[in-house]
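Data block below; observations after.
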Number of protein chains: 4
Amino acid sequence: MAGVNKVILVGNLGKDPEVRHLESGSVVANVTLATTEAYKDRNGNRVENTEWHDLEMWDGQAKVAEQYLRKGSQIFVEGKIKSDTWQDEQGNNRKKMRIRVLSFTMLGSRTGAENGGAPQGNPNTMNQGSPAPQTSASMPSSGVDMDNVEDDLPF
Amino acid sequence: MAGVNKVILVGNLGKDPEVRHLESGSVVANVTLATTEAYKDRNGNRVENTEWHDLEMWDGQAKVAEQYLRKGSQIFVEGKIKSDTWQDEQGNNRKKMRIRVLSFTMLGSRTGAENGGAPQGNPNTMNQGSPAPQTSASMPSSGVDMDNVEDDLPF
Amino acid sequence: MAGVNKVILVGNLGKDPEVRHLESGSVVANVTLATTEAYKDRNGNRVENTEWHDLEMWDGQAKVAEQYLRKGSQIFVEGKIKSDTWQDEQGNNRKKMRIRVLSFTMLGSRTGAENGGAPQGNPNTMNQGSPAPQTSASMPSSGVDMDNVEDDLPF
Amino acid sequence: MAGVNKVILVGNLGKDPEVRHLESGSVVANVTLATTEAYKDRNGNRVENTEWHDLEMWDGQAKVAEQYLRKGSQIFVEGKIKSDTWQDEQGNNRKKMRIRVLSFTMLGSRTGAENGGAPQGNPNTMNQGSPAPQTSASMPSSGVDMDNVEDDLPF
DNA sequence: TTTT
DNA sequence: TTTT
């Protein structure tokens with residue numbers, strides 16, 4: 001059969017990770033990631049298009065996510081598409097796709113310390129009324145060894 | 001903002017492409033692709049897990065798909081995740097994810113000849129004296145240039 | 001027939017891009033990019049391993065590189081492997097591999113302002129009311145559309 | 001630092017794998033892989049361009065390669081760029097790039113058994129005088145569990 | 001629903 | 001030669 005199912009994303013978190021510590025001891029983090037592409041429409045105007053992705057991280061990854069990722073964090077993600085299927089109350093077949101994260105890497109870092117902590121523009125005035133993530137001052141600079149976080153569940 | 005949204009798949013078609021020729025002149029092909037991964041469970045038994053992907057191809061790609069792809073065809077796909085959102089009859093927000101194909105490549109040889117599919121052309125007249133690799137006799141499309149099919153809608 | 005040759009890199013520039021404006025009117029930028037991976041050796045010590053990549057960008061890309069990329073800039077790159085072969089003075093066959101960049105994306109915020117690099121423009125006028133994510137204030141290029149820079153030479 | 005160094009290839013082997021069993025017990029397979037792209041030049045003629053890649057596989061992978069891969073085999077490869085540097089006899093710095101394979105998948109299979117073993121074209125008359133790989137009858141159909149072969153050396 |  |  002020989003299949004390949006690979007997803008590569010670079011984007012920003014829409015909100016802080018939602019982390020659940022399961023009774024089994026496993027940890028799951030759910031993360032929403034925006035990838036935006038810009039192009040010119042036929043009138044030459046710049047148009048932006050944002051796609052929101054639902055990411056699922058487990059265990060070691062989830063813990064790193066909990067500790068270091070915040071709304072606005074920019075990450076590189078490698079994962080695979082994974083769908084859940086079920087029947088809703090009306091008996092209709094439903095399907096939800098998620099990205100099961102296999103590894104991620106935090107991008108950007110060095111978030112402003114070297115310029116004396118001066119705010120970089122005023123995020124409150126940017127993206128007004130927007131559902132989009134914003135890079136804020138909360139990027140970890142760590143020192144911790146979590147650059148590239150991998151995980152290996154069997155499926 | 002700087003986003004990346006990339007999907008790479010290798011798998012087999014679940015059925016023949018469904019192709020619609022729109023009044024606008026555009027052509028769309030919808031394709032279902034299975035990617036299967038195998039792993040051993042904790043008892044050492046081989047387990048297979050299949051993920052089904054809904055692919056969307058446009059125009060030139062769609063025509064190539066219509067002509068050459070068949071149920072069972074193995075392809076390499078590069079694309080991006082693209083979701084449609086809408087409200088269903090109950091007023092619930094619904095979301096459907098698709099893979100918008102940016103390019104695909106037919107894999108293996110003999111792509112459907114045995115089920116009455118694509119004509120084979122005469123491979124003996126292809127690539128004569130060429131330094132390039134060839135799959136044996138049965139590459140579909142012969143003189144046609146569709147090995148690697150690309151498309152560039154703005155979004 | 002039917003080949004895929006794809007490279008995906010995230011790393012930092014080792015030095016400012018070297019840009020040549022050719023008589024033909026073409027522009028080439030040569031860039032060195034470091035990708036570093038960290039792992040623990042058998043004694044549990046963190047070890048870093050850096051790979052240096054020679055990137056080649058053309059025309060529109062090269063101009064953007066010249067204007068915005070600096071030593072230390074972090075970028076996401078998609079490209080392909082491309083080798084030159086020749087004979088050296090001793091008549092030995094030689095081969096040099098490069099990454100031909102097909103598109104790149106600047107990562108993080110603040111891409112070099114602190115070392116006198118690219119002008120910042122006025123981010124407050126960017127993407128107003130846009131649904132797209134933004135890095136904070138310092139995205140280079142402001143109104144310029146270079147987030148994701150593509151190029152399409154035939155080979 | 002956060003680096004990504006990823007290579008994705010689909011192509012055909014230029015010759016049978018060269019396998020060495022080291023005294024340490026490790027096994028290495030060296031494989032050459034051709035990726036060919038076709039495009040039209042400015043006169044509308046189809047041109048093919050082949051890039052040759054030197055792949056390196058270790059241990060479990062190498063054994064699978066030894067057993068199942070042959071000249072002409074079509075594979076999907078995921079790996080990373082890895083260069084060796086040294087000084088040659090003249091004291092010049094030399095560098096050789098390889099692809100360290102992280103996983104590979106055999107493509108195509110079902111290589112002709114179902115059409116009664118009839119030869120698919122005459123490979124001897126194709127690619128005359130060419131250095132290129134050819135798909136021949138030697139593709140394994142196995143039944144063995146080697147579809148997707150992974151390996152995890154620390155670097 | 002594919003493929004092995 | 002980068003970055004952390």
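Chain letters run A, B, ... following the sequence lines, proteins first and then strands; every chain starts at 1.
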Once you round it to whole Å, what is the distance between [atom2] of [N] and [atom1] of [X]?
X	N	atom1	atom2	answer
B:D16	E:dT3	CG	C1'	15 Å
D:N5	F:dT3	CG	C1'	15 Å
C:H53	F:dT1	NE2	P	17 Å
B:I75	E:dT1	CD1	P	20 Å
B:Q74	E:dT2	CD	C1'	10 Å
B:N49	E:dT2	CG	P	16 Å
B:D54	E:dT1	CG	P	15 Å
D:L107	E:dT3	CG	C1'	12 Å

| query | If we require ring centres under 5.5 Å and near-parallel planes under 30°, does C:W52 stack on F:dT2? | reply | no

Starting the side chain at C-beta, find the nucleotide from [options] nearest to [X].
X	options	answer
B:N12	F:dT2, E:dT3, F:dT4	E:dT3
C:T36	F:dT3, E:dT2, F:dT4	F:dT3
B:T32	E:dT2, F:dT3, E:dT1	E:dT1
C:R46	F:dT2, E:dT1, F:dT4	F:dT4

| Backbone N/O of D:F104 and side chain of D:E78: donor-acceptor pair under 3.5 Å | no

| field | Main-chain N/O of C:P17 paired to C:E66 side chain as donor or acceptor, under 3.5 Å | value | no

| said: salt bridge (Lys or Arg N to Asp or Glu O under 4.0 Å) for A:K96 and A:D84? Distances and angles first, verdict last. | reply: CA-CA 5 Å; A:K96 169 147 180 62; A:D84 293 324; over 6 Å; no

| Between B:K71 and B:G14, what is the shortest heavy-atom contact and its length? |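 For B:K71 versus B:G14, the nearest heavy atoms are CG-O, 3.5 Å.
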
| Full working for salt bridge (Lys or Arg N to Asp or Glu O under 4.0 Å) between B:E18 and B:R20 | CA-CA 7 Å; B:E18 290 175 359; B:R20 286 174 299 145; over 6 Å; no

| query | Reckon B:T35 touches a base, only the sugar-phosphate, or nothing at all at heavy-atom distances under 4.0 Å? | reply | nothing

